[in-house]
Amino acid sequence: MTRAAQTNSSAESHTADTPDSRPPAQNKSLAPLRRLLGFLWPHKTRLIAASIALVFTAVAQLGLGYGVKVLIDEGFSSADPSGLYKAVSLMLAIGLALASGAMIRFYLVSWLGERVSADLRSAVFNNLVHLQPSYFETNHAGEIMSRLTTDTTLLQTLIGSSVSLAIRNALTLTGALTLMVITNLKLSLVILIAVPVTLLPILIFGRRVRKLSNKSQQSIAEVGSHAGEIFQSIKVVQSFNREGAEKAAFGHDVEQAFLVARARVFQRALLTGFAIFLLMGGMVGMMWSGGVDVIEGRMTGGELGAFIFYAVMVGTAFATLSEVWGDLQRAAGAAERLMELLQETSNLPDTGKTKPALGETLRFADITFAYPTRPESPALNGFDLTINQGESVALVGPSGAGKSTIFELMLRFYDPSGGVLYYGDIDLRDVPLLDWRAKIALVPQQPTLFSGTIFSNIAYGVSEATKEAVERAANMAHAHEFIAALPDGYNSDLGAQGARLSGGQRQRIALARAILADPELLLLDEATSALDTESEWHVQQALAEIMRERTTIIIAHRLSTVINADRIVVMDQGKVIDSGRHDALIARCGLYQRLAQMQFQATDGPRSGA
């Protein structure tokens, strides 16, 4: 369902069945977490050091039980103060060892959590940035961002805290149970009977927590996607007075996320409550039986104190493990979602090895292509066109004729489903993507600017651009004058997507970026559409000079801007209808005549400036 449809219904269900919006497959194990080992292994030295510190801390914690026994039997029960001094000194030494080990363990596991989270986030981003554009047509950017941020934060918490707690408490549980058996077998049996009973709610509620955790992460992603879409289109929202409808729709999203989170928290609360209650019941029975043994002289008060200490450790460890189990279930869902992104592969394999030459002819040979989202409607159908080196070619035609698709194929955002696109005698699929795209600069009709300075945006396509080169490109694009008038000049911050500039100013920045890149192939999607008449004249003069040295392909929405092109190609329904100079096409091409008549009549009045 579209966002407009959703805001009209406000409170109706609006889940879209895109690949990214469907909840990932449910696994009944923690198998997705095993894939994180590949990110942990490069830091094996710190991992080993953290493991040693963790074991040391668990042993020191278990040593406190012996300290309690000595304190009661030799410190409190003895009339000699030296016994109390000895017991207190022992407890202090154990406490110091425990504090030192905990400090080192906390630093190392927290470092590992932050490092793995950063590595995983980078790996996912590095993979996504190479995927074909069609992937982002069927997967919402807001949901992908949720995976990169929320899910990686969950894994950071898992590695930096939950796993450490789980292992430490597992060691403590094992050690405490062993010492309990050594101290008193009968009382140990009382505690051990409670253990299998406690495992039952952990297994039952753990599965529910994992399922609800996946749903919770998905609902949070939908909330982020909704908010991002609205903020990016805030002018449209406000101009149509849709604030109230959007607030209602967003409130519905938030409420759904809350309901899922509430169900997850309730299941975790039940898991924790049942585990603690069952263990405490076992401990009460143990204390009653042990108290009788002390009264009847079958064990000392120190032994009972140590046993109770170990029993408390067992109960605490079980309670902690029951909570950590919920964290593990939730993190497994996050890992599964992230690994899906990490395993995505591009539909445009970059396997070419042939280095392209300079100044070759570009040839479209019987090209057929349909967008993946519209397979039944070919954008190009038997398209043939040859563009010579240094030639300026304008593509004109009605909306939907396939003009923009030509640029998409030239940039290899898509590959044709039929036919071949040649550069010289080389199939473009045999050319490395980096080498091919280095030859091209694109100036789109709707320019894309990035957060940052004007300088960084103009220099985006050149790794080490000088100040002089950037200013020269800006001058040629008729942008230097308004840039110099800004308080910080070329260091002025543009805001998100260049929001602080007008449409015409953004277009000139994009044009300067293309000029600075000095491409062999220049693609102009009506690059002067947002300029006023005077600025357009200056930019056209600059473009005329640049176009003499390179192949230029222009998508023309206004025929007045391409009258002087070397060749005008008229397109309709994905095919070439005619081509030639303006005067010849006016005389013989009916479609071109109709387009020219409509546009020249519509532009009798002056155009407003940008």
So, for [X] and [Y], which heavy atoms are closest and what is the spacing to 0.1 Å?
X: A517; Y: V462; value: CA-CG2, 4.0 Å
X: A227; Y: F250; value: CB-CE1, 3.8 Å
X: D525; Y: S404; value: OD2-OG, 4.3 Å
X: P372; Y: P375; value: O-CD, 3.4 Å
X: A50; Y: L112; value: CB-CD1, 4.4 Å
X: A473; Y: A512; value: CB-O, 3.5 Å

Please confirm whether the backbone N or O of [Y] pairs with a side-chain atom of [X], one donor and one acceptor, at under 3.5 Å?
X: D572; Y: G397; value: no
X: R513; Y: N457; value: yes
X: R508; Y: A474; value: no
X: Q132; Y: N347; value: yes
X: R506; Y: L501; value: yes
X: R147; Y: R337; value: yes

Taking the inter-plane angle between the rings of Y460 and F450 on a 0 to 90° scale, is it parallel (under 30°), tilted (30 to 60°) or perpendicular (over 60°)?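 Plane angle under 30°, so parallel.
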*Walk me through it: do L259 and E255 pass the test side-chain contact (heavy atoms from CB on, under 4.5 Å)?*
CA-CA 6 Å; L259 292 176; E255 188 63 22; 4.1 Å; yes
If I take atom [atom1] from residue [X] and atom [atom2] from residue [Y], how far apart are they, to the nearest 0.5 angstrom?
X: R46; Y: Y107; atom1: CZ; atom2: OH; value: 5.0 Å
X: S164; Y: L158; atom1: OG; atom2: CG; value: 11.0 Å
X: D350; Y: L433; atom1: CG; atom2: CG; value: 4.0 Å
X: L36; Y: M339; atom1: CG; atom2: CE; value: 4.5 Å
X: S122; Y: L148; atom1: OG; atom2: CG; value: 9.5 Å
X: F407; Y: I554; atom1: CZ; atom2: CD1; value: 8.0 Å

Is there side-chain contact between [X] and [Y], with heavy atoms separated by less than 4.5 Å?
X: I509; Y: P447; answer: no
X: F383; Y: T405; answer: no
X: E344; Y: E340; answer: no
X: Y490; Y: K467; answer: no
X: N169; Y: V324; answer: no
X: Q507; Y: V443; answer: yes
X: F369; Y: L421; answer: no
X: I483; Y: S492; answer: no

side-chain contact (heavy atoms from CB on, under 4.5 Å) assessment of L521 paired with I553: CA-CA 8 Å; L521 299 170; I553 304 175; 5.7 Å; no
For I454 and L449, what are the C-alpha separation, side-chain angles and deciding distance, and is it a side-chain contact (heavy atoms from CB on, under 4.5 Å)? CA-CA 9 Å; I454 290 177; L449 301 183; over 6 Å; no
Just do the side-chain contact (heavy atoms from CB on, under 4.5 Å) check on I555 and M571 with the steps written out, would you? CA-CA 11 Å; I555 292 179; M571 296 179 59; over 6 Å; no
Should we count [atom1] of [X] as having more than 12 external heavy atoms under 6.0 Å?
X: F106; atom1: CZ; value: no
X: F266; atom1: CZ; value: no
X: E464; atom1: CD; value: no
X: L37; atom1: CG; value: yes

Just to verify, which of N126, T152, D151, T149 counts as forming a side-chain hydrogen bond (donor to acceptor under 3.5 Å, both in side chains) with R121?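 Running side-chain hydrogen bond (donor to acceptor under 3.5 Å, both in side chains) over N126, T152, D151, T149 with R121 returns exactly one hit, T152.
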**Request:** Answer yes if the side chains of H43 and D119 hold a donor-acceptor pair under 3.5 Å, and no otherwise.
**Result:**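 A donor-acceptor contact under 3.5 Å links the two side chains.
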